[in-house]
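Every number for a ligand or one of its atoms is a count from 1 in the order of the listing.
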Amino acid sequence: MVKTRIAPSPTGFLHLGTLYQALLDKAFAIRNNGKFIVRIEDTDTNRYVEGAVDALYKGLKWVNISFDETYIQSERLDIYKKHADELIEKGHAYYCFCTEERLTKLREEQSKKKVPPMYDKHCRSINIDEAKKRVDAGEKFVIRMKIPENTKILVHDLIRGDIEFDSSAVDDQVIMKGNGFPTYHLAAMVDDHLMEITHVLRGPEWITSFPKHKLLYDYFDWEMPVFVHTPLITDMSGAKLSKRKGHSSVDWFRRKGYLPEAVLNFISLLGWSHPEGKEIFSFDEFSKVFDFKDLSAVSPKFDLVKMEWMNGQYLQNLSDEEFINRLTSWLKYCISSEYQGATEFETHWTPNDYKLMLNFLNSLNDETKLLFAEINNQRIKKFEDLLPLNNFFVKDTEINQELLTKNKSKEEIKSHMNWFLSELENLGDWNLESLKGLEEKTVKRASELGWKVGEVFHPIRVLLAGSTISPPLFESIFIFGKEKTIKSLNR
Ligand code: GLU
């Protein structure tokens, strides 16, 4: 049975690269009626971040990627110890007693000689009985694997084919640290084997360690799973995605107001293309057609502009009702402690803005809510774009005098607004239909005045929205309400 896994280290957030792997792993598992599991690789105690595991699960839940089993490596230390001991017994690993001091000196000398830093195998020749005595006596040690000398190590990657390494360039890797924790190399190989992983998909940064992993499988006499190293996802300049710039973190997309299905759709197209050339497709559809072997090894560039475009497409395709539901849950998420507690990213919204917008939405009746969706869903690419556009619904705006009198004199504007206000006062029933009637009248008014159509709307918009951009004017006026509109225009 096919079994795939992600093996994230809890570094504080769900990395986009991890989500990418989870997406491919999960799709491949579904396609093959297999299983997908999550293994938390928390054996690097220096890198441990409080709450990080939670952040991982929340991120996966947001994109609706479920898993069949979970494991936590720090709960499995005795298993790794047993396997490290087995390698010692078989003569494939050895105790190393070198002090940090000696190793630092060694590295310095190597750097002076401009040779790559490598362990000089100093302890490899210590007789095993002697070494055990030193261990029993309480001397500090690590365990290193023995790399065979002067040989070639051949590994196979599903999309890159065979790769050959010269063993002289491979370090006698530490597999067990002094604190009793294994390193990635031992722990991941042992776990992939014991958890019966059939396909190991991982980042391309592991290719250089691949020969060590091949040797470990050989030493244990285990069959190797299929290995696939993903392409390296870069930003548009070709640099690694960085957390500093935000979009390496899945949370960043959530906060900006991207839809999870759009994020999944977009990243599935990194290093892969749909057999029919489609750009927009669901995860369900993806999991019917995706195969690891169709991945490209070439680094794809993460085009945020295109991601925005795609998200905009998804927003447009939501029903008005769904748009409001998704917007509401996004606002709630932004207000929640889940959001507040996380690392801050640059945003135009203050925590209070989210609250104001949510209260405003809640104050609308169902029909008006749908109208609000209708006038916004074609205009925004992500929920975060909603506030600048609809700011005036929730906050007092300032009048920009210069903007107001951009085309016409103050007197002309005043007289036009007086006309418009009296029309509003005498509108009769306050509904969209009567307002649409007023819109037509206002267009006619333009020709009476000899103004351009834009010029009769301009001051209304500037006074109402405090800006030259807003959702469609008369719909906005309707939602804003008679009293508030009159008050705004009277300014
Ligand atoms: N813990 C490793 C990492 O976060 C996992 C690599 C792998 O998938 O094997 O990079």
**Request:** Please report which non-hydrogen protein atom sits nearest to atom 4 (O) of ligand 1, along with the residue it belongs to and the distance in Å to one decimal place.
**Result:** Ser9 OG, 3.3 Å
**Prompt:** Can you list the atoms of ligand 1 that are under 4.0 Å from a heavy atom of Arg5?
**Reply:** 7 (C), 8 (O), 9 (O)
**Item:** Test of proximity, Ala7 against ligand 1: N or O pairs below 3.5 Å
**Value:** yes
**Asked** Is the closest heavy-atom distance from Gly203 to ligand 1 below 4.0 Å?
**Response** no
**Request:** Select the closest option to atom 2 (C) of ligand 1 among His15, Arg39, Glu41, judged by heavy-atom distance.
**Result:** Glu41
**Asked** More than 12 non-hydrogen atoms from neighbouring residues, nucleotides or ligands closer than 6.0 Å to CD on Glu223, yes or no?
**Response** no
**Thr43 (side chain) donor-acceptor with Thr183 (main chain) under 3.5 angstrom** = no
**Item:** Pair Asp129 + Lys133, salt bridge at N-O below 4.0 Å
**Value:** no
**Prompt:** Nearest protein heavy-atom contact for atom 9 (O) of ligand 1: which residue, which atom, what distance?
**Reply:** Tyr184 OH, 2.5 Å
**Item:** Donor-acceptor pair, side chain of Asn377 and main chain of Leu315, under 3.5 angstrom
**Value:** no
**Message:** Given 3.5 Å as the limit, does a donor-acceptor pair link the side chain of Tyr219 with the main chain of Ala93, or not?
**Reply:** no
**Request:** Have a look at Phe253 and tell me which of Trp62, Phe266, Tyr258 forms a ring pair (Phe, Tyr, Trp, His ring centres under 6.0 Å) with it.
**Result:** Tyr258
**Request:** Considering the heavy atoms of Arg202, write down every atom of ligand 1 situated less than 4.0 Å from one of them.
**Result:** 7 (C), 8 (O), 9 (O)
**Asked** Do any N or O atoms from the side chain of Arg144 and from the backbone of Asp172 form a donor-acceptor pair under 3.5 angstrom?
**Response** yes
**Complete:** Residue, atom and distance of the protein heavy atom nearest atom 10 (O) of ligand 1 read Trp206 NE1, 3.3 Å
**Message:** With a heavy-atom distance limit of 4.0 Å, tell me whether Ala188 approaches ligand 1 through its side chain, its backbone, both, or neither.
**Reply:** neither
